[in-house]
> 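Before I ask anything, here is the structure I am working with.
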Amino acid sequence: MNKGPYYLSTAIAYTSGKPHIGNTYEVVLADAICRFKRLEGYDVYFQTGTDEHGQKIQEKAEAAGITPQQFVDNVAGEIKRIWDVMNTSYDRFIRTTDPMHERKVQQIFKKLYDQGDIYKSEYEGLYCTPCESFWTESQLVDGKCPDCGGEVHPAKEEAYFFKMSKYAPRLMKHIEEHPDFIQPEARKNEMVNNFLKPGLQDLCVSRTSFTWGVPVDFDPKHVVYVWIDALSNYITFPGYEVDGNHGEQYKKYWPANVHLIGKDILRFHTIYWPILLMALDLPLPKQVFGHPWLLVGDGKMSKSKGNVIYADDLVDLFGVDAVRYYLLHEIPFASDGTLTYDLLMERINSDLANILGNLVNRTVAMSHKYSGGVLSDHAVPGEFDSELIDLCLATPGRVAAKMDQLRVADAIDEIFTLLRRANKYIDETTPWVLAKDESNHARLDTVLYNLLETIRFAAALLHPFLPDTAERICKQLNIALPDWDSLSAFGGLEAGHRLGEGEILFARIDIPKKMEEINKLLAEKAKAALPALELEPQSGEKVDFDTFCKSDFRAVKVKACEAVKKSDKLLRFTLDDGTGTDRQILSGIHKFYEPEQLVGKTLLAIVNLPPRKMMGLESCGMLLSAVHKEKGEEKLRLIMLDDAIPAGAKLC
RNA sequence: CGCGGGGUAGAGCAGUCCGGUAGCUCGUCGGGCUCAUAACCCGGAGGUCAUGUGGUUCAAAUCCCAUCCCCGCAACCA
């Protein structure tokens, strides 16, 4: 049954690097919504993709020694791969470097210019010459450039501007008349109070400071800045044409039902984008949902903190549906969620393995054991049946209601409420007791039927969230994925139907053991990320020759060497320095050498340093070593000299 | 006076808009069961809902006021 078109877009991912699990959350959320809408019978168009222009990409490509196009090709490929790893069912993966898109962006820009909404002026700001960047007063750090810390000076740059203020009252009215336009609601107030009410400034929509972008065709030293370029993807790819000869998809799907975006870019999607559409005289999207963020541990993911988690790594560890489940279920509707390995494993065990997996497993196992895996008539109703059946019939509607509000986590909860009820039903009806008495077999068959039918409902409803798992459940039931209409009545399974083989859906995880494994993996990863070899940078400071000559370097022979008591670092050397009197030197190198290795070696020492006490012992000089870092680990080797050199020989 | 979000059981959260028995999941303790992945089912303990024994009210987690604390606003960002 076709319930009409449904167009959902994600924000397009910026191709500056590999997306982490937080970036991936958005597309998984979008996927769950789209799959659910398809299940309900909507004709869904799900668009995602990449935003590939801009200064940053130009710079990164330069640094990597490749062209920007090569750079974005690589990253876009990686992003698409991760979207696929997450099993997302996008209908189209778009890229803003698509020539078709670039052509349309130029046409849109020209149209807005011709009708007077875009005008040429000057961008004034504080300019940092070495960084070639403009900054606002508020961005400065101590009045200096936040990038390089250098001086900034007021400067002007020619730029095109969009007349935002012209459309502001219309937008205000639209927001007021469409309370669902901006979700969650708290965000709406934020936008209205912070941006619309104080008055909109005209938006700078072109740049001359970099070239990796869509050129303004009538003024080629300008490139179209991100707003018009990136935002317009939502209409250009479905087939918008400036001349009104729109493509089929555009005619069918625009305006979009939902733009799903991160809460940080809400401003662009709820103010600039609607105004842009008004200027083009196009209908506005029905809803913009700014979803919360996924945090890791107690903060944002950050490469410098070393806590970045990537979706594909998690999938390797736990499987795609477990990761999808966590993302979809553990992130609240309007506030940020957190991801930790512990929490993830706890959810897998308690929800996926215990409640869902075990229910399917025990039911299918009993069916095979007691009825040879063949369904019979479910003709003997009994106590507890109606409660289970009623909940089955009520659940699809409840899930749909939550999904309409985009409350995905709550929708999943509804399904698990049903699964919990089914587990309880088993305890209430005690099939293993019924099985003991032949006269109860008809009732036993009914109980098993009710359970299997409940699982059929659950499989259908779970599919949008856990597509692989839903299919595996169906395989065990030996049925095709049930459609939405089949959930309007209890009794979809037929008598005489033969079940498939039972299979464990989610194995319980031994959390401490798995954690150990993960820590090992993380440590290896962290190590691999460190530079292979690090050398101390050379000193720029000069030392004059006379000062250098004052240092008295001598060859010394190790007569004895022992670890200093109560010190984990220090070794105590008794050295022959050629004077006839033993010289004692302490050196903090126990981490690198065992004392007995060094006895008899010829080393190099500076002997005219002032004596110094360490751990109560006097050290007269210093042994010289060569140091460097490997994979972040400090390495040290003593300077060992040819044993033919006599003790006390001076270096010069 | 920068802005915004938040403080509810050991953990994670809902409830706050629209006052009326403080709820869910996990964990924990006890019991039941044995079909099942030591799973499942039942019950208990655990909270002065950040503070002010503040205000409004018959009634406040919820509305008002004040105070304290945490988090983001630094791009590796959605």
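Values below: all heavy atoms of this structure, side chains included; hydrogens, waters and symmetry mates excluded. Note that the coordinates shown come from a computational prediction; the quantities given were computed from them, not determined experimentally.
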> I'd like to know if K513(A) pairs up with E516(A) as an ion pair, taking the criterion as any Lys NZ or Arg NE/NH1/NH2 lying under 4.0 Å from an Asp or Glu carboxylate oxygen.
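Looking at K513(A) and E516(A), the cut-off is not met.
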
> So that I can compare with my own list, what are the stems of RNA chain B, taken as at least three consecutive Watson-Crick or G-U pairs with distances under 3.5 Å?
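Consecutive-pair runs (3 or more) involving RNA chain B: B:2-7 with B:68-73, B:10-13 with B:23-26, B:28-32 with B:40-44, B:50-52 with B:65-67.
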
> Mind running ring-ring contact (aromatic ring centres under 6.0 Å, His included) on Y325(A) and F416(A) for me, showing each step along the way?
CA-CA 12 Å; Y325(A) 179 79; F416(A) 273 77; 5.4 Å; yes

> How is L343(A) classified with respect to the nucleic acid when contacts are heavy atoms under 4.0 Å: base, sugar-phosphate, or nothing?
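No contact at all - L343(A) keeps every heavy atom at 4.0 Å or more from the nucleic acid.
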
> Using the P atom on both, measure A9(B) against C49(B) and round to a whole Å.
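Those two atoms are separated by 10 Å.
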
> Would you call K56(A) and D51(A) a salt bridge, taking side-chain N to carboxylate O under 4.0 Å as the test?
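D51(A) and K56(A): not salt-bridged.
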
> For Q405(A) and A14(B), give me the distance from atom CD to atom C1', rounded to whole Å.
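In whole Å, A14(B) C1' and Q405(A) CD are 14 Å from each other.
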
> Where each residue is assigned the nucleotide of RNA chain B containing its nearest heavy atom, which of T430(A) and R347(A) is assigned the position nearer the 5′ end?
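Looking at RNA chain B, the more 5' nearest nucleotide goes with R347(A).
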
> Return the value, rounded to whole Å, for the distance between atom CD1 of I504(A) and atom P of C35(B).
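My rounded result for the distance is 16 Å.
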
> When all nucleic acid strands are considered with a 4.0 Å heavy-atom cut-off, which category describes R420(A): base, sugar-phosphate, or nothing?
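Sugar-phosphate only.
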
> Output the rounded distance in Å from CD (E346(A)) to P (C13(B)).
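Rounding to the nearest Å, CD of E346(A) and P of C13(B) are 13 Å apart.
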
> Is there a donor-acceptor contact under 3.5 Å from the side chain of Y14(A) to the main chain of H53(A)?
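Judged by distance alone, yes, a pair lies under 3.5 Å.
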
> Rounding to an integer number of angstrom, what distance separates G27(B) and A38(B) when you compare their P atoms?
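G27(B) and A38(B) have their P atoms separated by 14 Å.
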
> Does some side-chain heavy atom of L451(A) sit less than 4.5 Å from a side-chain heavy atom of T429(A)?
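Side chain of T429(A) against side chain of L451(A), heavy atoms only: no contact under 4.5 Å found.
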
> Would you call R81(A)-E78(A) a salt bridge at under 4.0 Å N-O?
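Counted as a salt bridge, because a side-chain N and a carboxylate O are separated by less than 4.0 Å.
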
> Roughly how many Å apart are U51(B) and U57(B), using the P atom of each and rounding to a whole number?
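Rounded to whole Å, the distance is 23 Å.
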
> Measure the distance from CE on M345(A) to P on U25(B) and round it to the nearest whole Å.
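Value for this atom pair: 23 Å.
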
> Quick one: D410(A) CG to A14(B) P, roughly how many Å, whole number?
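These atoms are roughly 10 Å apart.
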
> Between A36(B) and G20(B), how far apart are the two P atoms, rounded to whole Å?
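Approximately 47 Å lies between the P atom of A36(B) and that of G20(B).
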
> Could R35(A) and D31(A) be called an ion pair, given the rule that one side-chain N must be under 4.0 Å from one carboxylate O?
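Looking at R35(A) and D31(A), the cut-off is met.
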
> Using a 4.0 Å cut-off on heavy atoms, which residues in residues 348-373 of chain A reach RNA chain B? List them by number, or say none.
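Under 4.0 Å from RNA chain B: S350(A), A353(A), N354(A), G357(A), N358(A), N361(A), R362(A), M366(A), K369(A), Y370(A).
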
> Would you call D312(A) and K18(A) a salt bridge, taking side-chain N to carboxylate O under 4.0 Å as the test?
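The answer is yes: the pair qualifies as a salt bridge.
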
> Could you pick out which residue, R407(A) or E503(A), lies toward the 5' side of RNA chain B when each is mapped onto its nearest nucleotide?
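The residue whose closest nucleotide sits nearer the 5' end is R407(A).
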
> With rounding to whole Å, what would you report as the distance between C63(B) and G5(B) at their P atoms?
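Between the two P atoms, the distance is 13 Å.
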
> Any base atoms under 4.0 Å from S16(A), or only sugar-phosphate, or nothing? Heavy atoms, all strands.
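Touches sugar-phosphate only.
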
> Rounding to the closest angstrom, what is the interatomic distance between A22(B) and A60(B) at atom C1'?
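Roughly 13 Å separates the two C1' atoms.
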
> Suppose you measure atom C1' in U25(B) against the same atom in G32(B); what distance do you get, rounded to whole Å?
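Straight-line distance between the two C1' atoms is 22 Å.
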
> Cut-off 3.5 Å, side chains only: do R508(A) and N358(A) have a donor facing an acceptor?
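On atom types as modelled, these side chains do not qualify, holding no pair under 3.5 Å.
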
> Among A78(B), C40(B), C42(B), which is the nearest nucleotide to the side chain of E26(A)?
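Selected nucleotide: A78(B).
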
> Could you tell me whether the phosphate oxygens of C76(B), OP1 or OP2, come under 4.0 Å of any side-chain nitrogen or oxygen in K56(A)?
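So the side chain of K56(A) is within the cut-off, an N or O lying under 4.0 Å from OP1 or OP2 of C76(B).
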
> Name the closest nucleotide to the L505(A) side chain, picking from C76(B), U37(B), C41(B).
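Nucleotide nearest to L505(A)'s side chain: U37(B).
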
> With respect to the phosphate group of C42(B), does any side-chain polar atom (N or O) of K424(A) fall under 4.0 Å of OP1 or OP2?
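Checking C42(B) against K424(A), a side-chain N or O does come within under 4.0 Å of OP1 or OP2.
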
> Do D437(A) and S439(A) pair up side chain to side chain, a donor and an acceptor below 3.5 Å, judged on atom types alone?
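There is such a pair (donor and acceptor under 3.5 Å, judged by atom type) between the side chains of D437(A) and S439(A).
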
> When the P atoms of A61(B) and U21(B) are compared, how many Å lie between them, rounded to an integer?
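Here U21(B) and A61(B) have their P atoms 10 Å from each other.
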
> Specify the separation, in whole Å, of atom NZ of K60(A) and atom C1' of C77(B).
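After rounding, the reported distance stands at 11 Å.
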
> To the nearest angstrom, how far is F384(A) atom CZ from C40(B) atom P?
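Computing the F384(A):CZ to C40(B):P distance gives 19 Å.
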
> Rounding to a whole Å, what distance do you find between I426(A):CD1 and A39(B):P?
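After rounding, the gap between these two atoms is 16 Å.
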
> Can you tell me how the ring of H259(A) sits relative to the ring of Y7(A), calling it parallel under 30°, perpendicular over 60° and tilted otherwise?
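Geometry flag for Y7(A) against H259(A): perpendicular rings.
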
